[in-house]
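What you see is a predicted model; the values in this text were computed from it and never measured.
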Amino acid sequence: MRKWMVAAAVASVFALSACNNGGSEVIVKTKDGNITKEEFYNEMKARVGKEVIRDLIDEKVLSKKYKVTDKEIDKQIENLKEAYGTQYDLAVQQNGEKAIREMVKLDLLRQKAAMEDIKVTEKELKEYYNSYKPKIRASHILVKDEKTAKEIKAKLDKGEDFAKLAKQYSQDPGSAANGGDLGWFGPGKMVKEFEDAAYKLKVGQVSDPVKTDYGYHIIKVTAKEKKKPFNEMKDEIEFEVKQRKLDPTKVQSKVEKLVKDAKVEIEDKDLQDVLK
């Protein structure tokens, strides 16, 4: 997340490289003196210039050989939202979604470059597919004791509204106000006891009380993604399996080789040691 913030904060700075043509242009005026575009450019270059120029070089070189689609970026964004939650929202507020998407695209380009050298077998792909669980959407009512949980379950069995009971009883402040809705989630996102119980339910079905370290949950599954046939998911699965095999050091060495092959020449003397 920190890297996104640094890069996002200066994502457009080097669009100011034109400041060298008419660098005395004033961009801030004060009674105590003005700030020119050249001053701004030089200061930003001194602070984060090397990191940003390296990212720009990688993006320029890798984009010629590898392609990243909006769909692929969207999927990675969803994964980041699930992994970082409010931290992701904060990063977007501070830097804008466009800058975050640009960094995700660059990460994917680097991964694709390294994945080129990774081999996977048909057996590995089918094993992944067989263990793959689509996302589900569920609501829950969380209470501290089993007695209360059983009383709520009895009310549900009599036809009382799940969302209303969640607002009334649930002690999960993050979902109670939304009728217990937890949104979409996949494997590994909930504690094991909760996940196991939720995945056994059919859409619309309500569980008996499920005990976890948080208390007792009554779970209702409200929607399930349909698992696509293997052939339709094969490319996606291959990417996931290769991604799991990625070694960060090999990603770096692969990208460095491609940049070296591109015969990059840095004209700015202050940035010439970036690739060393």
Side-chain angles (χ1 to χ4, degrees), residues 1 4 71 73-94 97 100 104 127-230 232-233 236-237 240-241 243-244:
M1 291 291 286
W4 296 351
K71 185 177 179 181
I73 295 173
D74 290 341
K75 182 169 182 180
Q76 294 301 310
I77 290 288
E78 286 303 311
N79 292 339
L80 292 169
K81 287 179 179 178
E82 290 181 7
Y84 290 101
T86 55
Q87 282 185 293
Y88 175 84
D89 295 334
L90 180 61
V92 172
Q93 289 172 15
Q94 291 178 336
E97 188 172 0
I100 301 298
V104 169
E127 284 177 351
Y128 181 95
Y129 176 80
N130 291 334
S131 64
Y132 172 80
K133 293 180 181 178
K135 289 183 179 180
I136 63 175
R137 185 166 190 166
S139 298
H140 80 146
I141 301 171
L142 173 65
V143 294
K144 292 297 184 183
D145 61 279
E146 187 177 15
K147 181 175 179 291
T148 304
K150 287 182 175 179
E151 290 172 355
I152 295 171
K153 179 61 164 63
K155 291 176 183 287
L156 291 167
D157 291 342
K158 291 178 181 178
E160 292 196 34
D161 184 73
F162 191 99
K164 288 183 179 178
L165 291 174
K167 290 178 181 179
Q168 181 180 351
Y169 290 102
S170 184
Q171 296 180 36
D172 174 13
S175 66
N178 297 320
D181 182 34
L182 294 166
W184 290 92
F185 60 89
K189 301 304 179 183
M190 302 293 179
V191 294
K192 186 178 186 305
E193 299 90 345
F194 187 102
E195 179 184 312
D196 290 347
Y199 268 96
K200 289 177 182 177
L201 297 172
K202 297 178 181 179
V203 174
Q205 189 176 1
V206 177
S207 73
D208 290 324
V210 177
K211 187 179 185 303
T212 72
D213 290 340
Y214 297 99
Y216 290 83
H217 310 255
I218 298 171
I219 306 165
K220 180 180 181 180
V221 170
T222 54
K224 284 187 176 184
E225 286 184 351
K226 186 178 179 181
K227 188 172 182 176
K228 299 176 184 177
F230 174 75
E232 290 183 26
M233 292 185 65
E236 178 184 341
I237 290 171
E240 296 285 346
V241 173
Q243 192 176 47
R244 291 184 176 189

Stacked cation flag Lys189 on Phe194, 6.0 angstrom / 45 deg:
no
For Lys227, look at atom NZ and say whether over 12 heavy atoms of other residues, nucleotides or ligands are found less than 6.0 Å away.
yes
Nearest heavy-atom approach of Thr222 to Ala138 is OG1-N, 4.0 Å
pair Leu165-Ile218: side-chain heavy atoms closer than 4.5 Å
no
Under the rule for salt bridge (Lys or Arg N to Asp or Glu O under 4.0 Å), what residues qualify as partners of Asp74, not counting sequence neighbours?
Arg101
More than 12 heavy atoms of other residues, nucleotides or ligands under 6.0 Å from NZ of Lys153: yes or no?
yes
Under the side-chain contact (heavy atoms from CB on, under 4.5 Å) criterion, do His140 and Met190 qualify, and how do the steps go?
CA-CA 12 Å; His140 80 146; Met190 302 293 179; over 6 Å; no
Evaluate the side-chain proximity of Tyr132 to Met233: yes if any heavy-atom separation is below 4.5 Å, no if none is.
yes
Are Phe230 and Asn130 packed together at the side-chain level, in the sense that at least one heavy-atom pair is separated by less than 4.5 angstrom?
no
With a 4.5 Å heavy-atom cut-off, do Gln93 and Leu90 have their side chains touching?
yes
Would you call Glu82 and Lys135 a salt bridge, using N to O less than 4.0 angstrom?
yes
Identify the two heavy atoms, one from Val210 and one from Glu193, that lie closest to each other, and give their separation to 0.1 Å.
CG1-O, 3.7 Å
Does the side chain of Glu160 come within less than 4.5 Å of Ile152's, by heavy atoms?
no
Supply the atom-to-atom distance Leu80 CG to Tyr88 OH, rounded to the nearest 0.5 angstrom.
7.0 Å
Angle between ring planes, Tyr214 versus His217, binned at 30° and 60°: parallel, tilted or perpendicular?
perpendicular
How far apart are the C-alpha atoms of Lys200 and Asp196, what are their side-chain angles, what is the distance that settles it, and do they pass the salt bridge (charged side-chain N to carboxylate O under 4.0 Å, His left out) test?
CA-CA 7 Å; Lys200 289 177 182 177; Asp196 290 347; over 6 Å; no
Would you mind checking if Glu240 and Lys75 are paired as a salt bridge, meaning a charged N to carboxylate O distance below 4.0 Å?
yes
